[in-house]
Undergrad: 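Have a look at this one before I ask anything.
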Amino acid sequence: MKPMKPMNAIALPYRPIALGLLAIAFSALVFQRAQAGGSHYFPPVGDPVVKEECGSCHLAFPASMLPASSWKRMMGELTNHFGDDASVDPATARHITNYLVSNAGDTGGQRYSDKLLRGTSTSKAPLRITELDRWVKEHREVPAWEWQHKEVRSKANCLACHAGAERGYYDD
């Protein structure tokens, strides 16, 4: 009489295949998450002119955080840019405007801005990211006194709370 094989010995040849498939599935999930950057990822400004001009005073905000209409209005009012004169020569202004509009949340940056801009009218969109409904909802639990802290000073100072903001990550 032939001895019987234990049940787990039958499954043994399939285990490496199953583990391999599991590893591939996990890798695909991680890779997809890394590509998408999560729900709080906005590709940082990649244009050196935009990064230099906008980033000389504040974080160069990702273009995908606002719709094109907001960027056009903002760039058309640089003499009064939130109380400051941020004027640049006409060629630089055109270059910056083209970059921001091409990568805006309702144009080139759609993949990243879907949640942030949901429900925002592109024709009546605010100029401030901090006035977007989703931004307000995400920050509703931040007490008023924290905005006044000497390290924060402004709702537009993303770097005070989001260490990865310059790399496009706003989930911390």
Undergrad: Evaluate the criterion side chain to side chain contact (heavy atoms under 4.5 Å, CB included) for residue pair Leu127 and Phe82; output intermediate values, then yes/no.
TA: CA-CA 9 Å; Leu127 293 179; Phe82 304 107; 4.1 Å; yes
Undergrad: Check residues 134-148 and write down every donor-acceptor pair under 3.5 Å in which the side-chain atom is one partner and the other belongs to a residue at least two apart or another chain.
TA:
residue : atom : partner : partner atom : Å
Arg134  : NE   : Glu138  : OE2          : 3.3
Arg134  : NH2  : Glu138  : OE2          : 3.2
Glu138  : OE1  : His40   : NE2          : 3.1
His139  : ND1  : Trp135  : O            : 2.7
Arg140  : NH1  : Lys137  : O            : 2.6

Undergrad: Indicate whether any N or O donor in one side chain lies under 3.5 Å from an N or O acceptor in the other, for Ser154 and Asn157.
TA: no
Undergrad: State, to 0.1 Å, how close Ala68 and Thr107 come at their nearest heavy-atom pair, and which atoms those are.
TA: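 Here Ala68 and Thr107 meet closest at CB-CG2, 4.3 Å.
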Undergrad: Walk me through whether Phe61 and Cys158 qualify under side chain to side chain contact (heavy atoms under 4.5 Å, CB included).
TA: CA-CA 9 Å; Phe61 297 105; Cys158 303; 3.7 Å; yes
Undergrad: Please report the closest heavy-atom contact between Gly105 and Ser113, naming both atoms and the distance.
TA: O-OG, 2.8 Å
Undergrad: side-chain hydrogen bond (donor to acceptor under 3.5 Å, both in side chains): which pairs involve residues 67-88, sequence neighbours left out?
TA: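 Matches after skipping sequence neighbours: Asp85-Ser87.
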Undergrad: Work out which heavy atom in Asp106 is nearest to a heavy atom in Pro67; give both atom names and the distance.
TA: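 So the minimum-distance heavy-atom pair works out to OD1-CA, 3.3 Å.
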Undergrad: Should Ile129 and Lys155 be marked as a side chain to side chain contact (heavy atoms under 4.5 Å, CB included) after you check the CA-CA gap, both sets of side-chain angles, and the distance that decides it?
TA: CA-CA 9 Å; Ile129 296 164; Lys155 291 180 180 180; over 6 Å; no
Undergrad: Can you name the closest pair of heavy atoms from Leu59 and Glu166 and give their distance?
TA: CD1-CG, 3.7 Å
Undergrad: Please identify each residue that fulfils side-chain contact (heavy atoms from CB on, under 4.5 Å) with Pro48, with sequence neighbours left out.
TA: none
Undergrad: Show, in sequence, the C-alpha distance, side-chain angles and deciding distance for Thr92 and Val49, and conclude whether the side chain to side chain contact (heavy atoms under 4.5 Å, CB included) test is met.
TA: CA-CA 8 Å; Thr92 302; Val49 173; 4.0 Å; yes
Undergrad: Could you give me the CA-CA distance, side-chain angles and deciding distance for Asp47 and Lys51, then say whether salt bridge (Lys or Arg N to Asp or Glu O under 4.0 Å) is met?
TA: CA-CA 6 Å; Asp47 184 279; Lys51 199 172 202 170; over 6 Å; no
Undergrad: Kindly compute the distance separating CZ (Phe42) from CZ (Arg111), expressed to the nearest 0.5 Å.
TA: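 Phe42 atom CZ to Arg111 atom CZ measures 13.0 Å (nearest 0.5 Å).
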Undergrad: Enter the distance from Leu132:CG to Leu66:CG here, rounded to the nearest 0.5 Å.
TA: 5.5 Å
Undergrad: Kindly compute the distance separating CD (Glu52) from CD1 (Ile96), expressed to the nearest 0.5 Å.
TA: 10.0 Å
Undergrad: Do the side chain of His149 and the main chain of Glu151 share a donor and acceptor less than 3.5 angstrom apart?
TA: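 Indeed, once roles are kept as given, a pair shorter than 3.5 Å links the two residues.
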Undergrad: Considering non-hydrogen atoms only, spot the tightest contact between Met65 and Leu116 and give its length.
TA: O-CD2, 3.6 Å
Undergrad: If I take atom SG from residue Cys54 and atom OH from residue Tyr99, how far apart are they, to the nearest 0.5 angstrom?
TA: 10.0 Å
Undergrad: What pair of heavy atoms forms the shortest contact from Ala93 to Val88, and how long is it?
TA: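 Closest approach of Ala93 to Val88: N-CG2, 3.6 Å.
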